[in-house]
Amino acid sequence: MIHHVPASPENVRVGMFDAGFEPILTIESGDTVKVETVSGKASLFPQPGSGMTVPAALRRIAEANLPMLAPHILTGPIGVAGAEPGDMLEVRIDAVELGSDWGYNYIRPLAGALPEDFPDLTVATIPIDRETRRARLAWGMTLPVAPFFGVMGVAPPPSYACISSKEPRVHGGNMDNKELVAGSTLFLPVHVPGALFSAGDGHALQGDGEVCVTALETCLDGEFTLAVHKGGGAADPVLRFPRAETPTHYISMGFHESLDQALKQALREMIDFIRARTGLARAHAYQLCSLAVDFHVTQAVNGEKGVHGMLRREILD
């Protein structure tokens, strides 16, 4: 079964996750859902006459003046029948398509990796050629796009209550992991009945680190197949934290306000994953990480910073 969820004031939450949100739609495990997402507030829209078009859905959402905790406009939550706390939600990212011919990037005072060096608000509206799939920067350079969703997550544990979408945590959320393009799969631990999956914060392009606080933020359309694995499934009997797979790599993740601690968490998650897949002793899995796993700074700007480890699939497969 394929479902379609448009972006609308009724179907989005702005900058927040909450286990108490009611699902806008409930699907069966294994169903596919096509999700429309938008990004940006009215002050970031391109100027009239620029040749760039603001999607009607984005205008309606901006005009609705919805409650917000952070800037991310998230479509959802979508419930998955049969999902229960302790299960694992598999999110197959089947397709990610550009939903607009422009995006934006800004430097925000008191934010980013170098707030002491860049104290002024600087906003760039960046045209995107959807045919050539390139973005043109103000200084003339063009860059190829590689779209992905900065935010994908389930409802957090009920004890968290309503939380901002800014910080990535055990539920996923604002991971800003540029590896999660079409063809990748995200695995999330389930904390509430139905899992309650949401997506948004479309990125047309981003470097690891996302250092100035934003990527090339834009509207995206996604196609996800959502499947429930009871108790985490045979390969992951206990999934405590988000992880992912691409066609070429296994990915572990760590989030913490300290990059050192985020690295340690990503490393421990990779060690546990290797042991679950191979039965290796813990020390041997640790050595394998030192020999074959690349650890990247996912983002350094969301309060809870991110590190992800990448292990080539061929090593375990």
Side-chain angles (χ1 to χ4, degrees), residues 4-7 12 32-41 44-46 52-55 57-58 61 71-76 78 91-106 124-137 141-153 165 168 172-186 188 197-226 242 244-249 251 253 296 298-299 301-302 306 308 310:
H4 181 259
V5 180
V12 303
T32 296
V33 58
K34 294 184 176 182
V35 176
E36 181 184 39
T37 75
V38 295
S39 187
K41 56 185 179 180
L44 296 167
F45 291 176
M52 295 174 272
T53 303
V54 178
L58 177 55
I61 290 168
H72 312 118
I73 302 173
L74 307 179
T75 303
I78 298 162
V91 181
R92 295 199 295 272
I93 306 167
D94 301 321
V96 182
E97 297 296 337
L98 295 166
S100 182
D101 61 3
W102 61 280
Y104 62 90
N105 174 271
Y106 60 70
T125 304
I126 300 170
I128 301 172
D129 188 321
R130 286 192 278 183
E131 184 173 339
T132 64
R133 297 178 66 81
R134 297 189 73 89
R136 179 172 294 279
L137 307 181
M141 183 183 294
T142 67
L143 298 174
V145 300
F148 70 98
F149 291 92
V151 175
M152 292 181 284
S165 63
N174 191 26
M175 297 174 291
D176 288 331
N177 192 321
K178 72 173 189 176
E179 305 296 334
L180 302 182
V181 296
S184 300
T185 302
L186 174 66
L188 297 166
F197 175 77
S198 299
D201 187 29
H203 290 179
L205 179 65
Q206 180 203 294
D208 278 338
E210 199 189 19
V211 292
C212 85
V213 85
T214 49
L216 176 45
E217 314 283 333
T218 193
C219 305
L220 294 181
D221 298 329
E223 183 175 310
F224 306 97
T225 298
L226 306 180
E245 297 178 7
T246 74
T248 57
H249 287 80
I251 300 177
M253 303 186 202
H296 299 248
T298 322
Q299 54 76 24
V301 295
N302 292 337
H308 61 279
M310 299 186 64

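Source: prediction; values computed, not measured. If you read the sequence from its start, that first residue is 1, and numbering goes on from there.
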Any side-chain heavy-atom pair from [X] and [Y] closer than 4.5 angstrom?
X      : Y      : result
His203 : Glu210 : yes
Tyr106 : Val213 : yes
Met310 : Glu179 : yes
Phe45  : Leu58  : yes
Leu44  : Thr125 : no
Ile78  : Val35  : yes
Ser39  : Tyr104 : yes
Leu186 : Met175 : yes

Quiz item: Does the side chain to side chain contact (heavy atoms under 4.5 Å, CB included) test come out yes or no for Ile128 and Leu216, once each step is laid out?
Solution: CA-CA 10 Å; Ile128 301 172; Leu216 176 45; 4.1 Å; yes

For the student: nearest non-hydrogen atoms of [X] and [Y], plus distance:
X      : Y      : result
Thr53  : Asp101 : N-OD1, 3.1 Å
Ser165 : His72  : OG-ND1, 2.7 Å
Thr37  : Asp221 : N-OD1, 4.1 Å
Ser100 : Thr218 : CB-OG1, 3.9 Å
Asp208 : His296 : OD2-ND1, 3.3 Å
Gln299 : Pro168 : NE2-CG, 3.8 Å

Quiz item: Aromatic rings Phe224 and Phe149: how do their planes relate, parallel, tilted or perpendicular, breaks at 30° and 60°?
Solution: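 Geometry flag for Phe149 against Phe224: tilted rings.
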
Could you tell me whether a side-chain N or O of [X] sits under 3.5 Å from a main-chain N or O of [Y], the two making a donor and an acceptor?
X      : Y      : answer
Asn105 : Thr214 : yes
Asn302 : Asn174 : yes
Glu36  : Ala7   : yes

Quiz item: Going through the distances and angles, do Leu98 and Leu220 end up as a side chain to side chain contact (heavy atoms under 4.5 Å, CB included)?
Solution: CA-CA 5 Å; Leu98 295 166; Leu220 294 181; 3.9 Å; yes

Practice problem: Determine, stepwise, if the pair Thr246 / Ser184 fulfils side chain to side chain donor-acceptor pair (under 3.5 Å). | Solution: CA-CA 4 Å; Thr246 74; Ser184 300; 5.3 Å; no

Quiz prompt | Residue pair Ile93, Val181: steps toward the side chain to side chain contact (heavy atoms under 4.5 Å, CB included) verdict | solution = CA-CA 7 Å; Ile93 306 167; Val181 296; over 6 Å; no

Calculate, to the nearest 0.5 Å, the distance between atoms [atom1] and [atom2] belonging to [X] and [Y] respectively.
X      : Y      : atom1 : atom2 : result
Thr185 : Asp94  : OG1   : CG    : 8.0 Å
Arg92  : Glu245 : CZ    : CD    : 11.5 Å
Leu180 : His308 : CG    : NE2   : 8.5 Å
Glu217 : Trp102 : CD    : CH2   : 10.5 Å
Met152 : Leu188 : CE    : CG    : 8.0 Å

Exercise. Go through the steps to decide whether Thr298 and Asp176 satisfy the test side chain to side chain donor-acceptor pair (under 3.5 Å), and finish with yes or no.
Key: CA-CA 7 Å; Thr298 322; Asp176 288 331; over 6 Å; no

Quiz item: Do Leu226 and Val91 pass the side chain to side chain contact (heavy atoms under 4.5 Å, CB included) test, and can you show the C-alpha distance, the side-chain angles, and the key distance before you say yes or no?
Solution: CA-CA 5 Å; Leu226 306 180; Val91 181; 3.8 Å; yes

